[in-house]
Asker: 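First, the structure itself, so that you have it in front of you.
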Amino acid sequence: MADLRTRYLGLELRSPLVASSSPLTGTLDSLRRLEAAGAGAVVLPSLFEEELAADPAPAGADPQAGLPDQAGYGAGPAAYLALVEQAKQTLAIPVIASLNGVTRGGWVRYAARLEHAGADALELNVYYVSSRPGRSGGEVESHYLDVVGAVRAAIGIPLAVKLSPYFSSLANMAGQLVEAGANGLVLFNRFYQPDLDIEALEVLPALELSTSAELRLPLRWIAILHRRWGVSLAASTGVHTAEDLVKVLLAGADVAMMTSALLRNGPDHLRPVELGLRDWMDGHGYETIDQLRGQLSQRSVPDPATFERANYIKTLASHTTPSR
């Protein structure tokens, strides 16, 4: 039987399947189910800078006092710290905490509190949309690097940064993030775009779950970044099936993070995906994840340009117009 063990952020995982940050990872019951279904690690829901700025709890307060075993979005920092502690006491797999912030401020101190609560690693999600015409791309990048550097200085546990795909030179930015202290890169942050209500004339929040078609973007950049800077790579957005999982591993990912597929199908969806990966590996003669990882990365394929402009031309040429 194929050996699915892998390493991510220096942590030993029994499987490359990671349950990413979502409402499913905000309760102990769901976390137990995810572990039982085969998750190699779990990423808890994000704790937001806005929640921390309003935190009235004194620094020495007991984070577990009178709190339930859940910490969904908006539950607050005390409940979140309690969930980290309880998850670590309950689960045998790595527990990764998540911080979402955009400024270098007092909220950064919570990174150390999450480490103290027992988190095995921290995922930093910098959700930042610059709408100021006077702010240059270089200033935006410096802003990201400043936040990453501040969080890195606050903790000793591994740090992953969940990246936007919208940088003008993504490969360069990835390298700068590693220099700033990132041990891993999560590709990519899936920004949720607002919608418009044309009758009420209002701006509406709009949540649409991903599909496998969205895998192409992280697939391309994981293949390009594989074996650069010695950094861990996680594929996020578009991983739904065993075939999707095989693709991101061949491109060079250490793990595949699943959110939308688990929200649609529940934690047990991990079982057929893991089984499909084992079947594929057995059928193609791979005994370990290390043997197949990166076999189709940019550095490994005969024509590296297929991940760049040449792929654009071939894609257009491959389209067939239906006859009438």
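Small disclaimer: the values here were computed from a predicted structure and weren't measured.
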Asker: Other than M1, what residues sit in its cluster of Ile, Leu, Val, Met, Phe, Trp and Tyr side chains whose heavy atoms are under 4.5 Å apart, directly or through others?
Answerer: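 None; M1 is a cluster of one.
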
Asker: Filter on side-chain hydrogen bond (donor to acceptor under 3.5 Å, both in side chains), then keep only pairs touching residues 178-188, sequence neighbours left out; what's left?
Answerer: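 Applying side-chain hydrogen bond (donor to acceptor under 3.5 Å, both in side chains) to every pair that reaches into residues 178-188, excluding sequence neighbours, yields R152-N183.
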
Asker: From T241 OG1 over to L245 CG, what is the distance, rounded to the nearest 0.5 angstrom?
Answerer: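 With rounding to 0.5 Å, OG1 (T241) is 8.0 Å from CG (L245).
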
Asker: Among all residues two or more places apart in sequence or in another chain, which pass the ring pair (Phe, Tyr, Trp, His ring centres under 6.0 Å) test with H226?
Answerer: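 Testing H226 for ring pair (Phe, Tyr, Trp, His ring centres under 6.0 Å), a comparison that skips the adjacent residues, returns none.
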
Asker: Applying side chain to side chain donor-acceptor pair (under 3.5 Å), name anything that partners S300, two or more places apart in sequence or on another chain.
Answerer: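 So S300 forms a side chain to side chain donor-acceptor pair (under 3.5 Å) with S297.
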
Asker: Grouping I, L, V, M, F, W and Y whenever their side-chain heavy atoms are under 4.5 Å apart, do V84 and L31 come out in a common cluster?
Answerer: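 Yes, it is one cluster - the side chains of V84 and L31 are joined through contacts under 4.5 Å.
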
Asker: Would you say V18 and V246 are hydrophobically clustered, going by side-chain heavy atoms of ILVMFWY under 4.5 Å?
Answerer: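 Different hydrophobic clusters.
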
Asker: Determine whether W107 and L99 satisfy the following criterion, side-chain contact (heavy atoms from CB on, under 4.5 Å), listing intermediate values before the conclusion.
Answerer: CA-CA 9 Å; W107 66 275; L99 271 180; 3.9 Å; yes

Asker: Donor-acceptor check, side chain of Y286 to backbone of R293, threshold 3.5 angstrom: yes or no?
Answerer: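 Pair absent, no side-chain N/O of Y286 close to backbone of R293.
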
Asker: Give the cluster check for L209 versus L34: same hydrophobic cluster or not, with ILVMFWY residues linked at side-chain heavy-atom distances below 4.5 Å.
Answerer: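 Yes; L34 is reachable from L209 via cluster members.
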
Asker: Are the side chain of E51 and the backbone of G76 linked by a donor-acceptor contact shorter than 3.5 Å?
Answerer: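 Such a contact is found between E51 side chain and G76 backbone.
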
Asker: Not counting sequence neighbours, which residues clear side chain to side chain donor-acceptor pair (under 3.5 Å) with Q295? List them please.
Answerer: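 So Q295 forms no side chain to side chain donor-acceptor pair (under 3.5 Å) with any residue.
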
Asker: Set out, in order, the CA-CA distance, both residues' side-chain angles and the distance that settles side-chain contact (heavy atoms from CB on, under 4.5 Å) for E139 and R132, then state yes or no.
Answerer: CA-CA 11 Å; E139 290 177 298; R132 291 168 51 187; over 6 Å; no

Asker: So which heavy atom on L263 is nearest to which on P23, and how close?
Answerer: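 Closest pair (atom of L263, atom of P23, distance): CD2-CD, 4.2 Å.
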
Asker: More than 12 heavy atoms of other residues, nucleotides or ligands under 6.0 Å from CZ of R227: is that the case?
Answerer: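 No, because the 6.0 Å sphere around CZ of R227 holds 12 heavy atoms or fewer from other groups.
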
Asker: To the nearest 0.5 angstrom, please state how far the CE atom of M258 sits from the OG atom of S22.
Answerer: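 Result: 11.0 Å between the selected atoms.
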
Asker: Any chance you could measure L163, atom CG, to N189, atom CG, to the nearest 0.5 Å?
Answerer: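 Answer rounded to 0.5 Å: 8.5 Å.
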
Asker: Within a radius of less than 6.0 Å around CD of E12, do more than 12 heavy atoms belonging to other residues, nucleotides or ligands occur?
Answerer: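 Enclosed.
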
Asker: I need the minimum non-hydrogen distance between A2 and M281, along with the two atoms involved.
Answerer: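 Minimum heavy-atom contact is CB-CE, 3.7 Å.
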
Asker: Distance-only, no hydrogens or angles: does the H269 side chain make a donor-acceptor pair with backbone N or O of H240 under 3.5 Å?
Answerer: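 Side chain of H269 to backbone of H240, a donor-acceptor pair under 3.5 Å: yes, one is there.
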
Asker: For H284, give me all partners under ring pair (Phe, Tyr, Trp, His ring centres under 6.0 Å), at least two apart in sequence or on another chain.
Answerer: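 Partners of H284 by the ring pair (Phe, Tyr, Trp, His ring centres under 6.0 Å) criterion, ordered by chain and then number, come out as W280.
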
Asker: Is there a side-chain contact (heavy atoms from CB on, under 4.5 Å) between L215 and T237 once you walk through the steps?
Answerer: CA-CA 6 Å; L215 185 66; T237 300; over 6 Å; no

Asker: Apply side chain to side chain donor-acceptor pair (under 3.5 Å) to S212 and list each qualifying residue two or more places apart in sequence or on a separate chain.
Answerer: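 Side chain to side chain donor-acceptor pair (under 3.5 Å) list for S212, sorted by chain: D244.
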
Asker: How long is the gap from OH on Y144 to CZ on F167, to the nearest 0.5 Å?
Answerer: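 Nearest 0.5 Å value for the OH-CZ distance: 4.5 Å.
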
Asker: Ignoring hydrogens and angles, tell me if any N or O in the side chain of T25 forms a donor-acceptor pair with the backbone of V43 under 3.5 Å.
Answerer: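 Present.
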
Asker: With hydrophobic residues grouped by side-chain heavy-atom distances under 4.5 Å, do V239 and V186 end up in a single group?
Answerer: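 Different clusters: V239 never reaches V186 through Ile, Leu, Val, Met, Phe, Trp or Tyr contacts under 4.5 Å.
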
Asker: Write down the atom of S236, the atom of P218, and the distance for their closest heavy-atom approach.
Answerer: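 In terms of heavy atoms, the two residues are closest at O-CG, 3.7 Å.
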
Asker: Only counting residues at least two apart or in another chain, list the ones meeting side chain to side chain contact (heavy atoms under 4.5 Å, CB included) with A121.
Answerer: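 A121 satisfies side chain to side chain contact (heavy atoms under 4.5 Å, CB included) with L9, L11, I96, P158 once adjacent residues are dropped.
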
Asker: Decide if atom CZ of R135 counts as having more than 12 heavy atoms of other residues, nucleotides or ligands within a radius under 6.0 Å.
Answerer: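 Correct, the count exceeds 12.
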
Asker: Show the nearest heavy-atom pair for residues R264 and T211, with the distance to one decimal.
Answerer: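 Nearest heavy atoms, R264 then T211: NH2-CG2, 4.3 Å.
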
Asker: So R5 and T288, do their side chains get closer than 4.5 Å, heavy atoms only?
Answerer: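 Side chain of T288 against side chain of R5, heavy atoms only: no contact under 4.5 Å found.
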
Asker: Grouping I, L, V, M, F, W and Y whenever their side-chain heavy atoms are under 4.5 Å apart, do V161 and L44 come out in a common cluster?
Answerer: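 Linked within one cluster.
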
Asker: What residues form a side chain to side chain donor-acceptor pair (under 3.5 Å) with D282, not counting sequence neighbours?
Answerer: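 None.
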
Asker: Short question: side chain of Y80, backbone of P45 - any donor-acceptor pair under 3.5 Å?
Answerer: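 Side chain of Y80 to backbone of P45, a donor-acceptor pair under 3.5 Å: yes, one is there.
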
Asker: Clusters formed by hydrophobic residues whose side-chain heavy atoms approach within less than 4.5 Å: which one holds V203, and what are its other members?
Answerer: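 Members alongside V203: L196.
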
Asker: Closer than 3.5 angstrom, by distance alone: can the side chain of S260 be matched with the main-chain N or O of S210 as a donor-acceptor pair?
Answerer: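 It does hold such a pair.
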
Asker: So do the side chains of T90 and R32 get within less than 4.5 Å of each other, counting heavy atoms only?
Answerer: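 A side-chain contact exists here, since the closest heavy-atom pair is under 4.5 Å.
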
Asker: Kindly give the cluster partners of L204, where membership spreads through any ILVMFWY side chain lying under 4.5 Å from a current member.
Answerer: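 Grouped by the 4.5 Å side-chain rule, L204 forms a cluster of one, so the answer is none.
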
Asker: Between Y8 (side chain only) and L13 (backbone N and O only), is there a donor and an acceptor less than 3.5 Å apart?
Answerer: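 Judged by distance alone, no pair lies under 3.5 Å.
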
Asker: Tell me whether E141 contacts the main-chain N or O of M173 through its side chain, where contact means a donor paired with an acceptor under 3.5 Å.
Answerer: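 Checked: no pair found.
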
Asker: Is the side chain of T6 donor-acceptor paired with the backbone N or O of D254 at a distance under 3.5 Å, no angle test?
Answerer: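 The answer is yes, because a donor-acceptor pair under 3.5 Å joins these two groups.
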
Asker: For the CG atom of L91 and the CG atom of L28, what is their distance to the nearest 0.5 Å?
Answerer: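 It comes to 7.0 Å.
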
Asker: Between L292 and L250, does the side-chain contact (heavy atoms from CB on, under 4.5 Å) criterion hold? Intermediate values first, please.
Answerer: CA-CA 6 Å; L292 69 92; L250 287 170; 4.2 Å; yes

Asker: What are the two closest non-hydrogen atoms of L185 and A174, and how far apart are they?
Answerer: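 Closest approach of L185 to A174: CD1-CB, 3.6 Å.
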
Asker: Using modelled atom types and a 3.5 Å cut-off, is there a donor and acceptor pairing between side-chain atoms of D3 and backbone atoms of E287?
Answerer: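 Not a single qualifying donor-acceptor pair exists.
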
Asker: Checking S30 now: which residues fulfil side chain to side chain contact (heavy atoms under 4.5 Å, CB included) with it, not counting sequence neighbours?
Answerer: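 S30 satisfies side chain to side chain contact (heavy atoms under 4.5 Å, CB included) with L24, T27 only.
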
Asker: Which heavy atom of V42 sits nearest a heavy atom of I93, and at what distance?
Answerer: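 Heavy atoms of V42 and I93 come nearest at CG1-CD1, 4.0 Å.
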
Asker: Say you draw a straight line from CZ of R220 to CG of L225; how long is it, rounded to the nearest 0.5 Å?
Answerer: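 Reported to 0.5 Å precision, the distance equals 12.0 Å.
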
Asker: Is there a side-chain contact between V102 and H143 (heavy atoms, below 4.5 Å)?
Answerer: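 A side-chain contact under 4.5 Å exists here.
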
Asker: Report yes if the side chains of I289 and L277 come closer than 4.5 Å at any heavy-atom pair, otherwise no.
Answerer: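 In contact.
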
